[in-house]
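The next block holds one structure in the form of structure tokens; read it before the comments.
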Amino acid sequence: MTAATEPYVLNIGPQHPSTHGVFRLRVVMDGERIQDVEMVVGYLHRSMEKLAEERTYTQNIPFTDRADYLAAMSGNLGYCLAVERLAGVEVPERASYLRVIFAELQRIASHSMANGTFVNDAGAWQTPLMYMFRERERILDLFEMTCGARLTTNYMRIGGVAFDPPEEFYPAIESLVDELPERIEEYAELLVDNEILLARGRGVGIISAEDAINGSLVGPMLRGSGVPWDLRKAEPYCGYDRFDFEIPVGRQGDAYDRFLVRLEEVRQSTKIIRQALDGLPSGPHKTQIPLALRPDPGEAYARVEGPRGELGFYVVSDGGSAPFRFHIRAPSLINLSLLREMAIGASLPDAIVALGSVDIVVGEIDR
């Protein structure tokens with residue numbers, strides 16, 4: 001005889017460590033299975049898009065640090081590309097190469113955080129997290145060496161980058177790039193066939209290619225479902241079409257595939273950095289622009305392939321020194337939209353693994 005059960009509501013968050021930030025899940029449970037999920041956001045809302053309308057174009061760059069605070073370089077870059085498109089600013093070739101180097105370093109650092117915490121969510125152990133933080137820490141040292149900041153870098157500028165890297169930067173990054181392939185193999189040996197990770201990740205949070213496309217998913221979420229879409233290939237910027245790299249994709253579209261895609265993307269980012277270092281041209285690192293830039297009235301949209309996927313910036317000018325409208329197309333918000341479909345019918349522990357595989361940053365969801 002089957003015992004009858006009554007559905008009950010379980011609140012996870014808004015300050016629970018398994019929610020990856022100030023984010024709340026209102027879960028309807030039937031026994032140990034999830035019947036429904038409501039995602040509640042807004043706890044980190046800071047109104048940065050409205051605040052940006054009162055500051056100059058250059059003064060708005062630090063806002064992009066504080067949206068996806070685990071990929072500040074990517075936010076800086078996307079915003080600067082949008083303003084450059086709006087104002088018709090040309091960027092020196094050396095600046096484009098430096099942007100690529102720092103954007104790919106940022107991708108490695110972000111994926112190290114994503115995969116390390118995902119393994120922890122899956123209940124494996126903390127050793128891989130500490131190993132991956134080892135590489136992330138070296139990248140943050142490179143950021144600090146160049147611009148004085150580790151997390152909120154404020155490094156990109158309209159027309160290029162704020163500073164040329166110091167002389168000590170180059171031997172440090174050469175050493176890192178030389179060692180990374182061996183480190184990636186170490187992670188693969190530790191984790192790819194790890195029975196705990198396989199048991200907790202395989203078949204969990206499956207998203208088909210069709211659902212991923214219809215849901216407008218981007219980045220490793222989309223590629224994990226087998227769709228080889230990457231803006232660095234599809235719509236190259238900063239000279240990405242000059243570099244040789246591959247687009248890793250998954251096969252089943254589950255949490256484990258998304259982990260594998262991020263791991264392989266670290267390998268591809270290392271290849272890109274090596275090529276950019278070898279081909280780094282001489283010349284200026286920035287085009288000089290007016291302190292109070294006043295683009296002609298118009299609008300522009302620019303997008304980059306950030307660690308979480310397509311990160312877009314929409315800027316409207318009315319001819320003044322501040323944007324008339326400023327909007328961020330945040331990949332974390334879009335990618336989170338299918339969590340309900342991934343969670344219904346699953347157990348609560350599997351839903352947490354599915355959430356961890358999305359790799360959200362709540363700062364860019366709320367803005």
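Note that the numbering runs from 1 along the sequence shown for the chain.
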To the nearest 0.5 angstrom, please state how far the CD atom of E299 sits from the OG atom of S317.
11.0 Å
Are R200 and D121 close enough, and set up right, to give a salt bridge (Lys or Arg N to Asp or Glu O under 4.0 Å), and what steps lead you there?
CA-CA 9 Å; R200 295 302 314 282; D121 287 341; over 6 Å; no
Would you say CD of E210 has more than 12 non-hydrogen atoms from neighbouring residues, nucleotides or ligands within 6.0 angstrom?
no
Would you say the ring centers of Y187 and F259 fall short of 6.0 Å from each other?
no
Please check if atom CD in E246 has more than 12 non-hydrogen atoms from other residues, nucleotides or ligands closer than 6.0 Å.
no
Linked, directly or transitively: L333 and I360 (ILVMFWY side chains, under 4.5 Å)
yes
Can you measure from CD1 (I108) to CD (E104) and round to the nearest 0.5 angstrom?
7.0 Å
Modelled atom types, side-chain donor and acceptor of S175 and R138, under 3.5 Å
yes
How far apart are the C-alpha atoms of L348 and L10, what are their side-chain angles, what is the distance that settles it, and do they pass the side chain to side chain contact (heavy atoms under 4.5 Å, CB included) test?
CA-CA 10 Å; L348 188 60; L10 181 66; 3.4 Å; yes
Non-hydrogen atoms of A122 and I196 that approach each other most closely:
O-CG2, 3.9 Å
Are R223 and D230 ion-paired here, with the side-chain N under 4.0 Å from a carboxylate O?
yes
Are L77 and L293 connected, step by step, through hydrophobic side chains (Ile, Leu, Val, Met, Phe, Trp, Tyr) whose heavy atoms are closer than 4.5 Å?
yes
Using the six-membered ring wherever Trp is involved, compare the ring planes of F313 and F326 and label them parallel, tilted or perpendicular (cut-offs 30° and 60°).
tilted
Do R308 and N335 have a side chain donor and acceptor closer than 3.5 Å?
no
Between Y97 and F243, is there a side-chain heavy-atom distance shorter than 4.5 Å?
yes
Tell me, do L231 and V304 make a side-chain contact under 4.5 Å, heavy atoms counted?
no
Nearest-0.5 Å distance that lies between atom CG in L151 and atom CG in L140
7.0 Å
Taking the side chain as every heavy atom from C-beta outward, state whether P220 and D359 have any pair of such atoms under 4.5 Å apart.
no
Considering all heavy atoms, the nearest C238-L81 contact
SG-CD2, 4.3 Å
Closest non-hydrogen atom pair between E310 and Y301, with its separation
OE2-OH, 2.9 Å
How far does CD1 of I184 sit from OG1 of T270, to the nearest 0.5 angstrom?
4.0 Å
Looking only at the side chains, is there a donor atom on one of S74 and Q106 sitting less than 3.5 Å from an acceptor on the other?
no
Spacing of L280 atom CG and L98 atom CG [to the nearest 0.5 Å]:
5.5 Å
I158 with V316, same ILVMFWY side-chain cluster at under 4.5 Å:
no
Flag the pair R262 and E265 as a salt bridge only when some basic side-chain nitrogen lies within less than 4.0 angstrom of an acidic carboxylate oxygen.
no
Nearest heavy-atom neighbours spanning V353 and A255:
CG1-CB, 4.1 Å
Does the structure place the NZ or CZ of R134 under 6.0 Å from the centre of the six-membered ring of Y131, at an angle of no more than 45° from the ring's axis?
yes
Six-ring centre of F245, K233 cation under 6.0 angstrom, axis tolerance 45°:
yes
Would you call E189 and R183 a salt bridge, taking side-chain N to carboxylate O under 4.0 Å as the test?
no
Atom OH of Y170 with >12 non-hydrogen neighbours under 6.0 angstrom:
yes
To the nearest 0.5 Å, what is the distance between OG on S357 and CE on M342?
5.5 Å
Indicate if V91 and I272 have the same hydrophobic cluster label, given that clusters are the connected sets of ILVMFWY residues with side-chain heavy-atom separations under 4.5 angstrom.
no
Check the pair L263, L191 against side chain to side chain contact (heavy atoms under 4.5 Å, CB included), reporting the backbone distance first and the verdict last.
CA-CA 10 Å; L263 185 63; L191 297 170; over 6 Å; no
May I have the step-by-step check of side chain to side chain donor-acceptor pair (under 3.5 Å) for N76 and N154, ending in yes or no?
CA-CA 7 Å; N76 288 176; N154 190 28; 5.3 Å; no
Quick one: do E264 and R267 make a salt bridge, cutoff under 4.0 Å?
yes
Applying side chain to side chain contact (heavy atoms under 4.5 Å, CB included), run through M145 and F169 and close with a yes or a no.
CA-CA 7 Å; M145 188 186 299; F169 172 86; 3.9 Å; yes
Are R202 and D257 ion-paired here, with the side-chain N under 4.0 Å from a carboxylate O?
yes
Take E135 and S112 through the side chain to side chain donor-acceptor pair (under 3.5 Å) test and state the conclusion after the steps.
CA-CA 8 Å; E135 272 63 71; S112 296; over 6 Å; no
Would you call the rings of F102 and Y155 parallel, tilted or perpendicular if under 30° counts as parallel and over 60° as perpendicular?
tilted
For F133, is the NZ or CZ atom of R136 found under 6.0 angstrom from the centre of its six-membered ring and inside 45 degrees of the ring axis?
yes
Could you report the tightest heavy-atom contact between A72 and D65, atom names first, then the distance?
CB-OD1, 3.4 Å
Determine the minimum heavy-atom distance between F63 and M48, stating which atoms define it.
O-SD, 3.6 Å
Please report the C-alpha distance between M29 and Q35 in whole Å, then the side-chain angles of each, then the deciding distance to 0.1 Å, and finally whether the side chain to side chain contact (heavy atoms under 4.5 Å, CB included) criterion is met.
CA-CA 5 Å; M29 303 288 297; Q35 275 192 343; over 6 Å; no
NZ/NE/NH1/NH2 to OD/OE distance under 4.0 Å, K286 and D164
no
Do the side chains of L198 and V192 get nearer than 4.5 Å, heavy atoms only?
no
Tell me whether M113 is reachable from V261 by hopping between hydrophobic residues (I, L, V, M, F, W, Y) whose side-chain heavy atoms are closer than 4.5 Å.
no
With salt bridge (Lys or Arg N to Asp or Glu O under 4.0 Å) as the test, would you mind laying out the steps for R329 and E364 before giving the verdict?
CA-CA 9 Å; R329 194 269 190 200; E364 73 170 7; over 6 Å; no
In terms of side-chain geometry, is the basic nitrogen of R232 or E305 positioned less than 4.0 Å from the acidic oxygen of its partner?
no
Would you call R258 and D254 a salt bridge, using N to O less than 4.0 angstrom?
no
Taking NZ, NE, NH1 and NH2 as the nitrogens, is one of them in R150 or E137 under 4.0 Å from a carboxylate oxygen of the other?
yes
Greater than 12 external heavy atoms within 6.0 Å of R26's CZ:
no
Residue pair E49 / Y314, side-chain donor-acceptor N/O under 3.5 Å:
no
